[in-house]
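Computation of the quantities below employed the complete heavy-atom set of this structure, encompassing side-chain atoms and omitting hydrogens, waters and symmetry-equivalent molecules.
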Amino acid sequence: MDLIRCAELGDIKALRQLLDAELHSNVDDTASQGVNVKLNETIHETARSLSSQSPTSSLSARDDGGTALHVAASAGKADLLDVILKQGRIAADSQDHEGNTALHLAVVQSDLYCVKHLLTTGGANPFIQNSLGYRPIDYATDPEIEQTLAGKESFNTQVQRSSIESALPTNTSVLRIFTTNVILTHKAFQDRCKETIYQLLEEKQNALYKIQLYEQSAGVHDGETAERFWGQLQYWQDENERQGATIQHLKQQIQMVESAMSQQDEYYRKNLADITKQHTEQLQAIFRKNEENEQRFIVCVSLSSEQHIINHNSQAYQNERAAEEYLTLNRALQKDVAQLKTQLSELTAEKVASEERLRLTEKLKAMQEKENTDLRVEMNKLRKTVQEDMIKQMQEVRKERDAADEESGDIVFTTGEGGTKTLKGATTEKLVERLIDPAAFDNQFAQTFILTHKCFMSSSDLFALIIKKVSSGPFAIVNWSDPTNHNPMAVRLVNTLKYWVENFWNDFAETDNLPTEISAFAEGLGDTKLGSILKSVITRKLMQADTTSSQKASHVPAPKPILPKGFAKRYSSGDAGSLSSLINIAPLGSHGTAIDDTGSAVGSDGRVKLIELDPLELARQLTLIEFELFTSIKAREFLDLAWMKDDKDTRAPNIMKMTRWFNHVVHWLISEIVSMKDNWKQRASMIEKVIMLGYHLEKLNNFNGVKEVLAAMQSSSIFRLKKTKEAVGTKFLKVHDQLIKVTSSELNFKNLRAKVHAADPPLIPFPGVYQGDLVFLDTCSKNKLEGGLINFHKFQKISSYILELQTYQQTPYSLEPVTEIQEYIKNYRVLDEEVAYNFSLICEPRN
């Protein structure tokens with residue numbers, strides 16, 4: 001790995017010292033990883049400089065299988081090639097995982113001097129093919145390089161022909177037998193080839209017949225019909241959104257009518273109940289008063305009879321007065337009862353009228369619903385007819401425009417199987433036209449364009465160009481203020497702006513006057529439905545920061561944490577510490593180490609120890625930390641290789657945080673193992689625990705964590721501990737080998753990609769795989785094609801990788817945080833590489 005570092009930095013002195021040291025070393029290849037301990041200060045400074053510049057782990061081997069010779073050839077450094085080839089330690093025909101030799105890379109760089117140097121000094125073979133079946137001459141664009149390789153090929157062909165002629169027998173009879181065998185062998189080979197061709201033709205006919213059956217069953221009779229169906233489907237996606245808004249409006253009106261009728265009915269019922277209750281109470285009061293008068297009358301009569309003998313005349317007078325009072329009260333009572341009966345009859349009549357009005361209202365509501373349903377059916381039929389005609393007209397116009405633009409050189413298409421055209425490149429104006437044209441609508445195109453447009457134009461230029469297109473010319477939109485406006489162009493434009501504002505508000509917030517311009521545009525739409533939709537999104541974004549998370553809430557109950565015996569506290573989901581401490585993680589080796597009396601590295605709190613933690617719970621807490629780091633990465637950080645630029649901490653801050661965290665975890669695991677200097681059994685047990693940590697991380701779909709564990713196990717400080725590994729259990733070694741197989745970089749991480757695609761979220765992928773794909777795309781494809789056209793095919797591929805990563809960010813883990821374990825991992829004071837290797841030498845000396 002140090003050879004590659006020196007080659008990348010162009011340090012010839014350090015490279016020569018490394019080659020000399022490896023040439024005279026008697027240790028094996030695995031022990032040679034520690035050569036850098038003996039080298040001078042120049043090698044250390046070179047390695048540290050590259051470690052601070054690299055966005056990936058400094059302990060990982062070169063993933064593409066390339067050697068220092070590949071690095072020197074791709075960089076065009078002839079002096080480095082001379083040093084490496086003269087040492088003879090690296091074969092000139094060494095191939096990386098893609099099958100490319102150093103000669104392939106030199107030809108790609110069009111470096112004639114390096115090509116001649118590899119052919120003459122290194123004796124490179126120009127006929128070696130890579131995994132794609134291409135030889136170096138197939139990549140030649142320089143005429144001199146092509147002539148040099150062709151001359152080498154012609155010379156080698158003559159040499160091969162001479163060697164074959166000299167090897168043929170001179171005896172005629174022997175030559176005849178040899179020739180007969182060759183002819184028979186060639187005849188048998190031809191027969192086998194014919195059988196294979198016949199079989200392939202038969203399979204092709206069967207496949208074509210199946211495709212024809214599928215097309216007939218789907219109602220697709222030709223390519224034009226299929227294209228028309230696809231255009232209709234794309235248009236109906238927009239139309240479905242508009243119809244949904246109309247239906248929602250009608251539902252709101254119906255709900256308002258129902259609410260008003262319900263409130264009116266409730267008012268009538270409540271009023272009737274209150275009046276009935278009031279009159280009932282009045283009747284009860286009158287009846288009680290009548291009973292009291294009757295009782296008083298009875299008392300008066302009884303008193304009158306008892307005192308009749310004593311005072312007959314006086315009593316008769318009192319009786320007469322009592323009778324008169326009774327009659328007066330009785331007449332008043334009868335009058336009140338008559339009035340109450342009259343009021344009761346009036347209330348009953350009013351109740352009957354209210355019930356009749358309620359029945360009429362319900363009948364009117366049913367009639368209105370039926371009319372609305374019939375109206376919607378008729379409207380849908382009419383709209384379908386109009387839209388079909390409109391789609392046909394728009395498709396014809398779109399075809400004519402594409403043909404004219406392709407003829408003028410403003411757009412380039414590639415024709416695939418079945419005659420399907422795919423956009424390859426275009427000018428910015430033509431790309432914007434396809435963005436707002438409903439006839440050319442493609443959701444993937446819109447997502448890619450909005451995501452990657454800053455690679456070839458500013459956000460303010462894009463917005464200005466959109467407004468220009470819809471203000472005049474063939475894409476102009478009129479009658480914005482008409483509330484019944486159903487122009488497909490207007491729907492497409494508002495939906496596009498809505499997606500841009502919702503997902504990339506920073507494009508507006510970071511550009512002067514752009515929020516004001518789009519707000520003014522939304523206000524200019526008036527009180528139309530489309531205007532209301534756009535204004536509501538803009539208002540929401542202006543009132544809050546662009547930090548809203550699009551993660552789905554997890555409904556899976558979190559498993560109970562596995563806590564060590566020393567933990568007396570129960571943890572809940574709200575106890576997790578923040579990740580602010582990760583932002584300022586210092587470079588590796590800047591801290592000392594905390595060692596207790598037993599020789600075990602502990603956290604800053606002096607309580608938590610790795611040996612006491614369950615690997616499963618440790619994997620859970622590490623996964624929670626890394627998922628928060630992973631979800632904080634913004635889509636734009638992957639564009640233009642931002643993590644490899646000089647201002648990477650500004651353009652890709654979250655990718656750099658995750659990279660520093662990767663290195664921190666790797667050095668933490670190394671420090672935990674080599675700190676067990678005096679007890680080889682505990683050291684072996686620690687390695688077993690680290691392997692099981694990787695096993696549980698793989699089960700949790702945290703593939704970034706698995707790479708961290710394997711990077712620690714494959715580091716020079718751990719890899720050389722052979723005696724310690726002999727004490728590790730066989731089942732743990734099998735688990736380790738299985739993890740290596742899953743994450744192997746062979747065939748461009750084929751196994752790891754398959755594992756990620758087959759896993760169900762939540763998951764954390766290894767970002768280095770996608771970063772490698774983006775580097776390859778940026779290296780092999782230019783942003784612009786001939787004629788200055790934007791290479792949109794390249795940006796679509798870049799967008800597909802980024803959107804896949806965003807998909808994995810949506811589903812969170814349902815795990816319960818344990819603050820002390822997370823803080824222990826974050827705040828662990830790791831050993832730097834040199835100290836860790838010295839600890840490793842103490843654990844197992846060289847001799």
Side-chain angles (χ1 to χ4, degrees), residues 57 554 556-567 571 573 575-577 579 582 601 603 608-631 658 661-673 685-714 718 728-729 731-743 752 755-756 759-767 808-809 811-828 830:
S57 173
S554 177
V556 180
K560 182 180 179 181
I562 306 173
L563 304 177
K565 296 180 180 179
F567 282 17
Y571 290 89
S573 59
D575 293 330
L579 292 177
L582 295 178
V608 182
K609 295 183 180 180
L610 177 62
I611 199 67
E612 297 175 354
L613 298 177
D614 186 274
L616 174 57
E617 188 58 39
L618 192 62
R620 291 172 179 172
Q621 301 307 313
L622 187 61
T623 297
L624 285 176
I625 296 174
E626 295 187 353
F627 186 75
E628 185 170 348
L629 282 170
F630 173 60
T631 54
M658 196 161 189
W661 173 257
F662 186 101
N663 293 335
H664 175 76
V665 173
V666 171
H667 284 275
W668 161 53
L669 296 176
I670 294 173
S671 302
E672 291 281 11
I673 296 173
S685 177
M686 183 66 73
I687 291 179
E688 293 176 351
K689 188 174 289 290
V690 170
I691 293 174
M692 290 309 297
L693 171 62
Y695 170 79
H696 291 300
L697 287 171
E698 193 256 348
K699 294 301 179 184
L700 289 170
N701 294 335
N702 183 357
F703 301 103
N704 184 72
V706 175
K707 290 291 290 183
E708 292 168 347
V709 170
L710 294 179
M713 293 296 298
Q714 294 171 356
I718 306 303
V728 176
K731 67 175 184 179
F732 297 101
L733 296 178
K734 289 182 179 179
V735 170
H736 179 256
D737 293 341
Q738 181 63 27
L739 294 178
I740 292 178
K741 182 179 179 181
V742 169
T743 60
L752 182 57
K755 191 77 174 178
V756 170
D760 294 327
L763 64 85
I764 305 175
F766 176 52
Y808 299 143
Q809 293 177 334
T811 307
Y813 283 88
S814 179
L815 299 173
E816 187 172 345
V818 180
T819 306
E820 293 190 11
I821 297 179
Q822 291 190 8
E823 292 300 323
Y824 160 68
I825 301 174
K826 297 178 202 174
N827 300 326
Y828 189 92
V830 301

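Within the 4.5 Å cutoff, no side-chain heavy atoms of Val709 are placed close to those of Ile691. Residues Val756 and Phe766 are not in side-chain contact: their nearest non-hydrogen atoms beyond the backbone lie 4.5 Å or more apart. Annotation: side chain of Phe703 is not in contact with side chain of Ile764 (no heavy-atom distance under 4.5 Å). Under the 4.5 Å side-chain criterion, counting only non-hydrogen atoms from C-beta, Pro762 is not in contact with Asn701. Taking the side chain as every heavy atom from C-beta outward, Phe732 and Ile687 never approach each other to under 4.5 Å.
The side chain to side chain contact (heavy atoms under 4.5 Å, CB included) test applied to Thr743 returns Val706, Lys707, Leu710, Leu752, not counting sequence neighbours. For Lys755, the side chain to side chain donor-acceptor pair (under 3.5 Å) partners two or more places apart in sequence, or in a different chain, are Glu698. For the side chain to side chain contact (heavy atoms under 4.5 Å, CB included) test, residues two or more places apart in sequence or in another chain that qualify with Lys734 are Thr730. Take Gln621 and apply the side chain to side chain donor-acceptor pair (under 3.5 Å) test, not counting sequence neighbours, and it matches Glu617, Gln822. Residues that satisfy the side chain to side chain donor-acceptor pair (under 3.5 Å) test with Tyr695, not counting sequence neighbours, are absent from this structure. With sequence neighbours left out, Pro559 forms a side chain to side chain contact (heavy atoms under 4.5 Å, CB included) with Arg620, Leu815. The side chain to side chain contact (heavy atoms under 4.5 Å, CB included) search around Leu733 returns Val728, not counting sequence neighbours.
Between the side chain of Lys699 and the main chain of Leu616, no donor-acceptor pair closer than 3.5 Å is present. No donor-acceptor pair under 3.5 Å is formed between the side chain of Asp614 and the backbone N or O of Leu563. For the pair Glu672 (side chain) and Met686 (backbone), a donor-acceptor distance under 3.5 Å is absent.
Separating the CG atom in Leu624 from the CG atom in Leu629 is a distance of 11.5 Å, to the nearest 0.5 Å. The structure places CG of Leu693 at 5.0 Å from CG of Leu618, a figure rounded to the nearest 0.5 Å. One distance of note links CG of Leu669 with CD1 of Ile825; it measures 9.0 Å at 0.5 Å rounding. With rounding to the nearest 0.5 Å, the separation of CH2 in Trp668 from CG in Asn663 is 14.5 Å. Atom OH of Tyr828 and atom NE2 of His664 lie 9.5 Å apart (nearest 0.5 Å). Put simply, CG on Leu763 and CG on Asn702 are 9.0 Å apart, with the number rounded to the nearest 0.5 Å.
Scanning all heavy atoms of the two residues, the minimum distance from Glu708 to Val666 falls at O-CG2, 3.6 Å. Listed here is the closest heavy atom pair of Leu739 and Gly694: CD1-C, 3.7 Å. Counting all heavy atoms, side chain and backbone alike, Tyr808 lies closest to Pro765 at CD1-CG, 3.8 Å. Between Ser685 and Ile611 the shortest heavy-atom distance is OG-CD1, 4.0 Å. The heavy-atom pair separating Glu688 from Gly729 by the smallest distance is OE2-N, 3.0 Å. When all heavy atoms of Pro561 and Val818 are compared, the pair lying nearest together is CB-CG2, 3.9 Å.
Note: Phe627 and Tyr813 have perpendicular aromatic rings, judged against thresholds of 30 and 60 degrees for the angle between ring planes.
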